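Notes follow once the structure below has been shown.
Remember, predicted model here, so these are calculated numbers, not experimental data.
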Amino acid sequence: MKDSIQHTCIILLLIITSYGNTFAQKTGQQAAGITVDLKNETGTMFPFWAWFGHDEPNYTYMKDGRKLLSELASLSPVPVYMRVHNLLTTGDGTPALKWGSTNAYTEDEKGNPVYNWQIIDSIFSTYIKRGMKPYAQIGFMPEALSTHPQPYQHHWQPGTANKLSTGWAYPPKDYHKWEDLVYQWVKHSVQKFGKTEVESWYWEVWNEPNIEYWQGIREEFFKLYDYAVNGAKRALPTITIGGPEVAGTSGQGAISFLRAFIEHCISGVNYATGKTGTALNLVSFHAKGQPQVVDGHVRMNMAPQLRDISTGFKIVRSYPETRDLPVIIGESDPEGCAACGMATNPANAYRNGTMYASYTAASFARKYLLADSLKVNFLGAVSWSFEFENQPWFYGYRDLATNGIDKPVLNVFRMLGMMKGKRLKVDGNRMYNTKAVVDSSVRKAESDIGALASADKHSVTIMIWNYHDDDIKEKAEQVELTIKNLPMSTATLTHYWIDDEHSNAYEAWKKMGSPQNPDSAQIAELEKDGQLQMLEKPRKVNISAGQCKIELLLPRQGVTLIKLTR
């Protein structure tokens, strides 16, 4: 035992922050232990996280939208998929909160279809130029096809009682015209972008048809789906298409809807063809958390989101016909309204700072674990977070950047983008087990100090977080990371860090006085502060007997990535 200790490298990362003291000064606290063994692989580090989405499609080709898309494309080792609403909505392309339009379908005075793909092409071309791909949503209803066309555009604002579901949310007055619209769209996409390219996309019909986004009955949605799929398959038989993108997946109404939808696709009468069943190439549903304000601070709730995911996975696995189909969580977020800022929804105050970052790290790791345990073909989880063009700085929308300045949460995705190869089993004495988080989130006195680890031939990457539902600042905590069976004698240690002082443009902006009209020098500084930052310069370390111990102090809601490279 003595010889083993002598041949084990020990790296002390002596970090001085506002949260606490260095290890040399820290006494009386038991460390959180994390152990990673390179011989204990659990699966592939597949980047299901490289999926994003938003309501307002017209932001895609605007200034800050293009900038953010470029950043998302550059951080991912695989093509990023984008899902947006309103791709078939009627209008001139002027965005508003939870609104957008493309004017893809209108009719002439005789009722004949008029197709215009200019705006949709602009959106998809913006993706493709960056090596990204659409997760194309077939919706919403064009004004000329709606059974209840007026009022058509909603004028929804957060904190108001304005109706969201206006004419765009109703069934078509002519299902054959609806099918032809989908047929013409897919046919045009193949002609413009090429068959091979379009075959690499994923398509789905509508959004959350079990709640207000669909102003028809369940059977009318099944009919909408059948005709849409028939049109899409006529244009491209090899298209990958599915649904139904239900909301609140763990609720009884959503469970009933999702099961009925799957059973309709398996054995129901197809409304478009009269035959039995409808093509279903992927199954999609949504998962959301539920923060609230408690005793003057934000308290997150990860449990409902993970229950939605667990429930959806189990339903997919329960049918022989769907058990191996790709599963996409079409929206997977801490709560349900991206366009509701913290001024009208105080529980959303988590979004600007490190709470959103640590929640994302802790929750995405559990998605891997749930997929492993339930043995599903998990393809993607869409973070319904993008950006809101020309809005107040750090208003508290659920976005990845504000006015072109990256928020801390985006740096978690940069960390994930560095993780490749095989996932490794993580043992931690402070990491909540998945069942506990599904049942009751992270509410104990102690925080969740856990990790996600991966390794390939050239490197080992370990992301560690210190998360708790309660957004209350506490002293930094000692973490002892032990890495076993390292196949190298020397390595380069690179250490990335997210807290109030690193990789955090929000705290930097507040120190500037929270300017709503920052000057060019301030903007340049904020752009720099918004990037993922190293805690120190990379350095060489010696590794003996294949084992290494790294000790650090991690603040509450902080996230770090440790990378050892040959």
Side-chain angles (χ1 to χ4, degrees), residues 51 81 83 87-88 133-141 171-172 174-191 193-210 214 216-246 249 256-286 312-313 315-330 376-380 382:
W51 297 64
Y81 280 86
R83 175 179 185 257
L87 286 174
L88 295 178
K133 295 181 183 293
Y135 175 30
Q137 181 185 120
I138 300 175
F140 294 119
M141 193 57 59
D174 187 324
Y175 282 90
H176 294 288
K177 286 185 175 181
W178 167 254
E179 178 182 328
D180 285 341
L181 166 59
V182 178
Y183 167 79
Q184 294 293 342
W185 181 16
V186 175
K187 178 183 175 183
H188 167 80
S189 298
V190 171
Q191 291 171 342
F193 300 108
K195 179 174 179 285
T196 301
E197 173 64 32
V198 180
E199 284 177 329
S200 71
W201 303 355
Y202 297 95
W203 297 70
E204 51 90 3
V205 181
W206 218 256
N207 176 69
E208 301 184 335
N210 60 318
W214 178 245
I217 63 173
R218 180 184 296 182
E219 290 298 324
E220 287 175 314
F221 173 73
F222 298 167
K223 186 175 182 179
L224 181 92
Y225 179 83
D226 290 353
Y227 276 92
V229 169
N230 202 47
K233 291 286 186 179
R234 282 201 293 121
L236 181 63
T238 52
I239 196 170
T240 303
I241 190 168
E245 302 283 348
V246 294
T249 306
S256 174
F257 194 105
L258 180 54
R259 285 195 174 279
F261 171 78
I262 292 173
E263 290 164 10
H264 170 77
C265 292
I266 293 171
S267 59
V269 176
N270 187 308
Y271 285 97
T273 67
K275 298 178 181 179
T276 299
T278 308
L280 181 63
N281 306 132
L282 64 89
V283 182
S284 56
F285 54 84
H286 295 178
F313 284 172
I315 291 173
V316 172
R317 286 290 295 173
S318 69
Y319 296 92
E321 296 87 351
T322 63
R323 60 187 299 121
D324 296 322
L325 288 181
V327 178
I328 300 174
I329 309 171
V376 295
N377 182 9
F378 185 23
L379 183 64
V382 177

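- In terms of heavy-atom proximity, Pro171 sits nearest to Trp214 at CA-CH2, 3.5 Å.
- Between Met141 and Leu88 the shortest side-chain heavy-atom distance does not fall below 4.5 Å.
- In plain terms, the two heavy atoms of Val198 and Ser189 that are nearest each other are CG2-O, 3.5 Å.
- The heavy-atom pair separating Thr276 from Ile266 by the smallest distance is CG2-O, 4.2 Å.
- Checking each of Trp203, Trp51, Tyr81 against Tyr135 for a ring pair (Phe, Tyr, Trp, His ring centres under 6.0 Å) leaves exactly one that passes, namely Trp51.
- Asn281 has its side chain within reach of Ile241: a pair of non-hydrogen atoms, C-beta onward, lies under 4.5 Å apart.
- Annotation for Ile315 and Thr322: closest pair O-OG1, 4.4 Å, computed over non-hydrogen atoms.
- Put simply, CD on Glu204 and CD1 on Ile328 are 8.0 Å apart, with the number rounded to the nearest 0.5 Å.
- Put simply, the residue from Phe221, Tyr271, Tyr227 that forms a ring pair (Phe, Tyr, Trp, His ring centres under 6.0 Å) with Tyr175 is Tyr227.
- Pro326 and Leu379 get closest at one heavy-atom pair: CB-CD2, 4.0 Å.
- Note: Ser284 OG to Gln137 CD = 9.5 Å, rounded to the nearest 0.5 Å.
- Between Glu199 and Lys195, at least one side-chain N (NZ, or NE/NH1/NH2) sits under 4.0 Å from a carboxylate O, which counts as a salt bridge.
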Determine, stepwise, if the pair Arg317 / Asp324 fulfils side chain to side chain contact (heavy atoms under 4.5 Å, CB included).
CA-CA 7 Å; Arg317 286 290 295 173; Asp324 296 322; 3.7 Å; yes
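- Remark: Asp180 engages Arg234 in a salt bridge, criterion side-chain N to carboxylate O under 4.0 Å.
- A heavy-atom distance below 4.5 Å is found between the side chains of Glu220 and Ile217.
- Note that CD of Gln191 is 11.5 Å distant from CZ of Phe193, once rounded to the nearest 0.5 Å.
- Rounding to the nearest 0.5 Å gives a distance of 11.0 Å between SG of Cys265 and CD of Glu321.
- Leu258 CG to Glu245 CD: the interatomic distance, rounded to the nearest 0.5 Å, is 10.5 Å.
- In this structure the side chain of Phe378 never reaches within 4.5 angstrom of the side chain of Val316, judged on heavy atoms.
- In this structure, Lys275 NZ and Asn270 CG are separated by 9.0 Å, a value rounded to the nearest 0.5 Å.
- Looking at His264 and Leu280, their side chains never come closer than 4.5 Å, going by heavy atoms from C-beta outward.
- Arg259 is listed as a side-chain neighbour of Ser318, based on a closest heavy-atom distance under 4.5 Å.
- Using a 4.5 Å heavy-atom threshold, the side chains of Ile329 and Phe285 count as touching.
- Between Val205 and Ala228 the shortest heavy-atom distance is CG2-CB, 4.0 Å.
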Trace of the side chain to side chain contact (heavy atoms under 4.5 Å, CB included) decision for Phe261 with Val246
CA-CA 10 Å; Phe261 171 78; Val246 294; over 6 Å; no
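- Although no hydrogens or angles enter the test, the distance criterion places no donor-acceptor pair under 3.5 Å between the side chain of Glu263 and the main chain of Ala260.
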